Amino acid sequence: MKDLTILKPDDWHLHLREGIVLKNIIKFSSEFFGRAIVMPNTKNPITSINKCISYKKSISEGLPENSKFEPLMTIYLTDETIKDELIEGFKNDVFFAAKLYPANATTNSSQGVKKIENLYEIFEVMEELGMPLLIHGEVTDPKVDIFDREVVFIDKELLPLIQRFPKLKIVLEHITTSYAVSFVQENNLGATITPHHLHINRNAMFFGGLNSDFYCLPVAKRENNRIALRKAATSGKKCFFLGTDSAPHLRQWKAFCGCAGIFNSPVAIESYIQVFDEEDSLDQFEKFASLNGPNFYNLPVNKEKIRLVSKSNEIPKFIEVIDNNKVVGQIKPFHAGEILNWQVEGIVN
Ligand code: NCD
Ligand code: ZN
């Protein structure tokens with residue numbers, strides 16, 4: 001049996017949702033992650049200090065007793081974002097970072113940014129403040145092929161942005177292409193990589209008929225991209241770090257409207273370490289999971305450790321959503337029904 005003890009990891013890109021779903025799923029992140037950057041694309045997006053404070057409160061109330069999990073909150077940028085609100089929120093530790101969704105790029109992004117140039121004044125102050133900008137890097141032009149949207153975004157939107165704001169601290173979120181892997185390294189950006197983009201390529205969405213279980217945005221691409229992502233994540237390079245993009249949707253909605261998002265927080269650590277094991281890079285796992293993120297964001301690393309052991313781990317087919325002792329819904333986790341080779345054994349002090 002193999003085993004590995006690493007500093008407690010953090011999740012640098014997480015969707016926690018609200019209400020009953022939040023209450024049911026938060027334990028999957030809070031158990032073995034120290035911190036998480038919480039995405040602001042709630043139904044009514046987190047566009048102000050007040051909304052952010054009340055969202056953070058509902059997250060804290062949903063945490064298991066004595067949990068040390070720390071949610072790092074974000075502001076959802078729109079064309080109307082008020083500069084002073086952003087500055088005040090950042091200076092008072094309400095906002096840890098700002099999230100840019102191009103309008104209509106993904107789930108709950110209809111109020112996102114219509115024209116990046118409209119935010120130049122905001123980026124100027126963020127650059128001055130050292131406030132991180134987290135980017136969903138896809139163009140939304142329907143004429144652009146869905147599999148090319150990340151690459152076109154990099155060329156048309158991201159390149160001009162970094163040329164104009166060379167000191168702006170940027171994370172290109174959930175990268176899916178070899179093109180993004182190279183761009184991030186060449187331009188000193190940070191990038192999160194999800195477990196699902198390390199495991200699946202675009203075939204997964206079409207295997208045995210249209211399968212929305214594997215539909216997320218940005219969509220998984222061709223196999224050569226998956227290989228490049230695995231190489232990047234397991235390289236230990238400082239610019240690549242863990243961000244699950246765990247994005248739960250109730251099964252009835254996922255099956256009905258095929259909404260984008262994969263729920264991986266119940267299996268994320270096991271899913272990632274399996275990739276490192278397969279790539280013979282277990283010695284790089286702690287960098288990706290627990291060191292590179294804090295280094296990028298200038299935060300201390302977590303104090304506690306977790307111990308992982310290689311043993312057969314059957315993943316449940318569904319996670320139940322419970323309200324008042326009644327099952328009110330189900331969410332399918334990533335790797336549902338599969339057997340993974342690793343398990344988190346627990347916290348080590
Ligand atoms: C996310 C969601 O459901 O909120 N969906 C997804 O496919 N990743 C939004 C996002 O990060 O794009
Ligand atoms: Zn996301």
Side-chain angles (χ1 to χ4, degrees), residues 10-19 21-22 25-26 28-29 33 36-47 55 59 71-77 96-113 132-140 146-147 149-150 153 170-177 180 190-200 202 204-205 211-221 229 241-265 268 271 293 319 321 329 331-334:
D10 302 294
D11 184 350
W12 301 104
H13 183 126
L14 175 65
H15 300 270
L16 281 176
R17 310 305 193 208
E18 294 161 277
V21 173
L22 164 66
I25 61 152
I26 191 161
F28 297 115
S29 296
F33 286 106
I37 295 188
V38 180
M39 290 297 126
N41 66 330
T42 40
K43 283 212 175 87
N44 181 352
I46 309 304
T47 49
Y55 186 35
I59 292 170
L72 302 169
M73 307 305 290
T74 51
I75 177 173
Y76 180 114
L77 296 174
F96 176 74
K99 178 71 192 258
L100 189 164
Y101 290 105
N104 302 314
T106 186
T107 309
N108 296 341
S109 64
S110 60
Q111 294 180 50
V113 174
L133 175 66
L134 318 181
I135 300 184
H136 183 109
E138 288 191 289
V139 291
T140 54
I146 189 159
F147 294 102
R149 287 184 185 177
E150 183 172 280
F153 182 90
I170 294 177
V171 181
L172 188 55
E173 299 288 334
H174 39 51
I175 56 170
T176 61
T177 56
T192 48
I193 304 180
T194 75
H196 40 280
H197 291 113
L198 296 172
H199 279 276
I200 60 167
R202 62 191 196 170
M205 286 181 290
N211 189 344
S212 65
D213 291 340
F214 299 112
Y215 176 54
C216 63
L217 286 166
V219 282
K221 309 292 192 301
L229 292 168
F241 37 91
L242 188 160
T244 63
D245 194 19
S246 181
H249 291 279
L250 289 178
R251 186 186 169 200
Q252 56 262 42
W253 286 109
K254 187 84 171 146
F256 176 64
C257 70
C259 13
I262 294 177
F263 176 47
N264 59 35
S265 55
S271 179
I319 302 290
V321 177
I331 308 173
K332 200 167 180 178
F334 188 44

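We number each residue from 1, following the sequence as shown. Note that ligands are numbered from 1 as they come in the structure, with each ligand's atoms numbered from 1 the same way. The shown structure was predicted, so the numbers you read here are calculated from the model rather than taken from an experiment.
Distances shorter than 4.0 angstrom occur between a heavy atom of H174 and an atom of ligand 1.
Of the candidates K99, E138, H196, R17, the one placing a heavy atom closest to atom 3 (O) of ligand 1 is R17. With distances taken over non-hydrogen atoms, the option nearest atom 9 (C) of ligand 1 out of L134, T106, L14 is T106. With atom 1 (C) of ligand 1 as the reference point, the heavy atom nearest to it among M39, H136, H15 is part of H15.
Ligand 1 has no N or O atom lying under 3.5 Å from any N or O atom of Y215, backbone or side chain. Backbone and side-chain nitrogen or oxygen atoms of T107 are examined, and one is located within less than 3.5 angstrom of a nitrogen or oxygen of ligand 1. Considering backbone and side-chain atoms together, N41 places an N or O closer than 3.5 Å to an N or O of ligand 1.
A distance of 5.5 Å separates CD1 in I146 from CG in L217, rounded to the nearest 0.5 Å. Atom-to-atom distance recorded for T192:OG1 and W12:CH2 is 11.5 Å, nearest 0.5 angstrom. The distance from the CG atom of N44 to the CG atom of N108 is 10.0 Å, given to the nearest 0.5 Å.
Contact annotation: for K254 versus ligand 1, there are no heavy atoms closer than 4.0 Å. The residue I262 has no part lying near ligand 1, judged by heavy-atom distances below 4.0 Å. Here E173 has no heavy atoms under 4.0 Å from ligand 1, in either its backbone or its side chain. In H13, the part holding a heavy atom less than 4.0 Å from any atom of ligand 1 is the side chain. For C216, heavy-atom contacts with ligand 1 shorter than 4.0 Å involve the backbone as well as the side chain.
The side chain to side chain donor-acceptor pair (under 3.5 Å) check on K254 picks up nothing, with sequence neighbours excluded.
Protein heavy atom closest to atom 8 (N) of ligand 1, with residue, atom name and distance, is D245 OD2, 2.7 Å. Looking only at protein heavy atoms, the nearest one to atom 7 (O) of ligand 1 is L217 N, 2.7 Å. For atom 5 (N) of ligand 1, the nearest protein heavy atom (residue, atom name, distance) is A260 O, 3.2 Å.
The two residues G112 and Y76 make their nearest non-hydrogen contact at N-OH, 3.3 Å. Nearest heavy atom pair, residue M39 against residue Y55, reads O-CE2, 4.1 Å. The two atoms that bring P45 and K43 nearest to each other are CD-O, 3.3 Å, heavy atoms only.
The contact set between ligand 1 and H249, taken as ligand atoms under 4.0 Å from a residue heavy atom, comprises 3 (O). Counting atoms of ligand 1 from 1 in the listed order, those under 4.0 Å from a heavy atom of G261 are 5 (N), 6 (C), 7 (O).
Of the N and O atoms on the side chains of S109 and N104, not one donor lies less than 3.5 Å from an acceptor on the other residue. Side-chain polar atoms of H15 and H13 form a donor-acceptor pair below 3.5 angstrom.
The Zn ion (ligand 2) has an N, O or S atom of D245 closer than 2.8 Å. Checking H15 against the Zn ion (ligand 2), an N/O/S atom falls under the 2.8 Å cut-off. With a cut-off of 2.8 Å, the Zn ion (ligand 2) has an N, O or S atom of H13 in range.
Ring geometry for F334 versus F214: interplanar angle over 60°, hence perpendicular rather than tilted (30 to 60°).
K221 places a side-chain N or O within 3.5 Å of a backbone atom of V219 that can act as its donor or acceptor partner. In this structure, the side chain of N264 does not engage the main chain of P195 through any donor-acceptor pair within 3.5 Å.
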